[in-house]
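Heads up: the structure comes next, in structure tokens.
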Amino acid sequence: MTKIAIILGSTRAGRAGERVAQWVLAQARRRGDAEYDLIDLAEVDLPQIDEPFPPAMGRYTHPHTQRWATTIAAYDGYVLVTPEYNHSFPGVLKNALDRVYTEWNNKAAGLVSYGVDGGVRAVEALRPVLAALRLADVTATVTLNLRTDFADFGATFTPGQHQGPALTTMLDQLLSRSNALADTRRGTAV
């Protein structure tokens, strides 16, 4: 069965992302079409990049990087849940992405963002990073607005009715792309 990791890309205390990631996880698991797991970067031991070799070499020397590489390698695709911070995405997510390389290659990613304007600039900032990691991001995104999908500036999360179908579309694309890229990773693509 296809395995998808939902990666929560915020570690801020009181973050709205935890509620968003749990919503994504619950909706995804109801589908029954893949195995979905939540990876919370607040619970992952990833200091700032401290490896002596570039990630593309795959020569990870630190146990925390080796564990991260094993974790990422186990999945066929990813949903990145990210806030928008200063017109981009959080440094903790960038650190997690940059830490390893081949483990991301030829896999798919879906994006769920949130912020004052739905986190759209975080999505646009992520796209070239994902491309550099040879991660194929899907077209459909879920953009949650702090004004309309949350109350009390993120304290309460009540996604609008249109968000469920948006998530379904993104997950449909993610599963399709993840399954297609499995052949590429096996070397059987036509």
Side-chain angles (χ1 to χ4, degrees), residues 1-10 15-41 71-84 88-90 93 96-97 100 102-115 117-150 157-190:
M1 184 175 265
T2 304
K3 290 182 68 175
I4 304 294
I6 298 164
I7 300 176
L8 174 50
S10 172
R15 62 200 167 156
E18 195 164 0
R19 291 176 293 286
V20 173
Q22 289 296 334
W23 172 73
V24 171
L25 180 63
Q27 298 300 313
R29 284 185 172 167
R30 282 191 194 119
R31 297 165 55 95
D33 56 1
E35 181 181 325
Y36 295 93
D37 298 317
L38 177 61
I39 298 173
D40 185 344
L41 292 181
T71 297
I72 295 307
Y75 293 95
D76 302 298
Y78 313 91
V79 174
L80 304 179
V81 176
T82 182
E84 180 178 320
S88 192
F89 57 96
L93 181 54
L97 290 165
V100 297
T102 57
E103 294 77 8
W104 298 113
N105 294 175
N106 297 312
K107 296 182 182 179
L111 302 170
V112 175
S113 62
Y114 59 96
D117 294 316
V120 295
R121 289 174 292 260
V123 167
E124 292 310 311
L126 269 166
R127 291 189 193 282
V129 174
L130 299 179
L133 293 169
R134 296 177 45 205
L135 263 167
D137 63 300
V138 299
T139 305
T141 59
V142 178
T143 57
L144 302 161
N145 191 300
L146 285 175
R147 295 182 193 116
T148 58
D149 296 302
F150 297 85
F157 176 55
T158 51
Q161 290 184 350
H162 65 287
Q163 298 295 7
L167 179 60
T168 296
T169 300
M170 185 272 289
L171 291 172
D172 288 347
Q173 290 181 7
L174 178 63
L175 263 289
S176 176
R177 183 79 54 93
S178 294
N179 291 330
L181 287 170
D183 291 338
T184 300
R185 289 192 306 280
R186 286 191 297 269
T188 58
V190 179

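In this text, all values refer to a predicted model and were calculated from it rather than measured experimentally.
- Gly9 approaches Leu93 most closely through the heavy-atom pair O-CB, 4.0 Å.
- The side chain to side chain donor-acceptor pair (under 3.5 Å) test applied to Gln173 returns no partner, not counting sequence neighbours.
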Legend entry - Residue pair Gln22, Leu38: steps toward the side chain to side chain contact (heavy atoms under 4.5 Å, CB included) verdict: CA-CA 8 Å; Gln22 289 296 334; Leu38 177 61; 3.2 Å; yes

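- In this view, Phe150 and Phe157 satisfy the ring pair (Phe, Tyr, Trp, His ring centres under 6.0 Å) rule, not counting sequence neighbours.
- The distance from atom CZ of Arg177 to atom CG of Asn179, rounded to the nearest 0.5 Å, is 12.0 Å.
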Inset, instruction - Would you check, one step at a time, whether the test side chain to side chain contact (heavy atoms under 4.5 Å, CB included) holds for Asp40 with Arg15? - result: CA-CA 12 Å; Asp40 185 344; Arg15 62 200 167 156; 2.6 Å; yes

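- Residue pairs satisfying the side chain to side chain donor-acceptor pair (under 3.5 Å) criterion with at least one member in residues 159-168, sequence neighbours excluded, are listed as follows: Asp149-Gln163.
- When all heavy atoms of Ala28 and Ile6 are compared, the pair lying nearest together is CB-CD1, 4.5 Å.
- Across Leu181 and Ala108, no two heavy atoms sit closer than the pair CD1-N, 3.9 Å.
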Could you pull out all donor-acceptor pairs under 3.5 Å where a side-chain atom in residues 74-81 meets a protein atom, sequence neighbours excluded?
from, atom 1, to, atom 2, distance (Å)
Tyr75, OH, Asp37, OD2, 2.8
Asp76, OD1, Arg185, NH2, 2.8
Asp76, OD2, Lys3, N, 2.8
Tyr78, OH, Ile72, O, 2.7
Tyr78, OH, Lys107, NZ, 3.1

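- For the pair Asp33 and Thr2, the minimum side-chain heavy-atom distance is 4.5 Å or more.
- Scanning all heavy atoms of the two residues, the minimum distance from Ala96 to Trp104 falls at O-CZ2, 3.7 Å.
- The line from CG of Asp183 to CG of Asn106 is 11.0 Å long, rounded to the nearest 0.5 Å.
- Partners of Ser10 under the side chain to side chain donor-acceptor pair (under 3.5 Å) rule, at least two apart in sequence or in another chain, are Tyr85.
- Considering every non-hydrogen atom in both Ala16 and Tyr114, the closest pair reads CB-CE1, 3.9 Å.
- Residues Ile4 and Leu174 come closest through the heavy atom pair CG2-CD2, 3.8 Å.
- Looking at heavy atoms from C-beta onward, Gln27 lies in side-chain contact with Trp23 at the 4.5 angstrom threshold.
- Taking CD1 from Ile7 and CD1 from Ile39, the interatomic distance works out to 5.0 Å, rounded to the nearest 0.5 Å.
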Table please: side-chain donor-acceptor pairs of residues 118-137 below 3.5 Å, with sequence neighbours left out.
from, atom 1, to, atom 2, distance (Å)
Arg121, NE, Glu84, OE2, 2.6
Arg121, NE, His87, ND1, 3.4
Arg121, NH2, Glu84, OE2, 2.9
Arg121, NH2, Asp117, OD2, 3.1
Glu124, OE2, Arg127, NE, 3.3
Arg127, NH1, Asp137, OD2, 2.1
Arg134, NH1, Asn105, OD1, 3.3

